[in-house]
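Note sheet for the following structure.
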Amino acid sequence: QVREALLEKGDTLSPFFRYAQQFAAADTIVIAAPYWDLSFPAVLKCYIEAICVNGLTFRYNEKGVPEGLCKAKRLIYITTAGGAIPENNHGYNYVKQLCTDLFGIQNTVYIKAEGLDIIGADIAGIIKSAEDEISSKELYLLR
């Protein structure tokens, strides 16, 4: 009720929308979430619901098509998993679709460290490989 009343008044500056305000203003967005049940933890879904604010992170044009209002040039999605992550990572794919179709963030990067719970896995090597990927893409600079 509070959300709808604020939106009806056009009050997107309310502290109620602080997460959406932060998200819309960010230059680079980093999401780090474990790979759980083919996706991500529910708390991330709650955050996503909080940042989807018409008039703040996106708007609908006269044809009813969403247009992104976010400033970010890219989103970096980092995930870890005890087992293997299939090619179709529903969590990352969902976030990527929101970024491109709703928020206007066209550049998304996906980094994963998988197989961390497999007996005999080279955990240090897996982590190093993910770190190397971050370094090779110069993601640590967060430009």
I'd like to know if the side chain of [X] and the backbone of [Y] have a donor-acceptor N/O pair within less than 3.5 Å.
X: Thr57; Y: Ile51; answer: yes
X: Ser129; Y: Ile126; answer: no
X: Gln21; Y: Leu13; answer: yes
X: Glu67; Y: Asn61; answer: no
X: Gln106; Y: Thr100; answer: yes
X: Thr79; Y: Ala33; answer: yes

Report summary line: Paired with Pro34, the side-chain contact (heavy atoms from CB on, under 4.5 Å) test is passed by just one of Leu44, Leu116, Thr80, namely Thr80

Under 4.5 Å between any side-chain heavy atoms of [X] and [Y], yes or no?
X: Lys112; Y: Ile78; answer: no
X: Tyr60; Y: Val65; answer: no
X: Arg3; Y: Leu7; answer: yes
X: Leu75; Y: Asn107; answer: no

Report summary line: The residue among Tyr77, Tyr35, Tyr110, Tyr94 that forms side chain to side chain donor-acceptor pair (under 3.5 Å) with Asn89 is Tyr110

Query - Other residues, nucleotides, ligands: >12 heavy atoms within 6.0 Å of Asp37 CG - result: no

**Report entry** Heavy-atom neighbours of Tyr47 OH exceed 12 at 6.0 Å
**Finding:** yes

Query raised in the report: Under a 4.5 Å side-chain heavy-atom rule over Ile, Leu, Val, Met, Phe, Trp and Tyr, are Leu102 and Phe23 clustered together?
Result: yes

Query raised in the report: With hydrophobic residues grouped by side-chain heavy-atom distances under 4.5 Å, do Trp36 and Val43 end up in a single group?
Result: no

Output the distance between atom [atom1] ([X]) and atom [atom2] ([Y]), rounded to the nearest 0.5 Å.
X: Leu38; Y: His90; atom1: CG; atom2: NE2; result: 5.0 Å
X: Ile123; Y: Asp117; atom1: CD1; atom2: CG; result: 7.0 Å
X: Leu6; Y: Phe16; atom1: CG; atom2: CZ; result: 6.5 Å
X: Asp132; Y: Ile134; atom1: CG; atom2: CD1; result: 9.5 Å
X: Lys9; Y: Ser14; atom1: NZ; atom2: OG; result: 8.0 Å
X: Ile105; Y: Leu69; atom1: CD1; atom2: CG; result: 10.5 Å

Report task. Take Lys71 and Asp27, measure what salt bridge (charged side-chain N to carboxylate O under 4.0 Å, His left out) needs, and give me the verdict at the end. Result -> CA-CA 6 Å; Lys71 179 180 169 188; Asp27 293 325; 3.2 Å; yes

Query - Heavy-atom pair with the smallest gap, counting every atom of Ala50 and Ala20 - result: O-CB, 3.8 Å

Query raised in the report: Taking all non-hydrogen atoms of both residues, which atom of Cys52 and which atom of Phe58 are closest, and how far apart?
Result: C-CE2, 3.8 Å

Report task. For side chain to side chain contact (heavy atoms under 4.5 Å, CB included), just list the numbers for Ile76 and Ile29, CA-CA rounded to whole Å, side-chain angles, deciding distance to a tenth of an Å, and then say yes or no. Result -> CA-CA 6 Å; Ile76 303 163; Ile29 297 164; over 6 Å; no

Query raised in the report: For the ring pair Tyr92 and Phe40, is the centre-to-centre distance below 6.0 Å?
Result: no

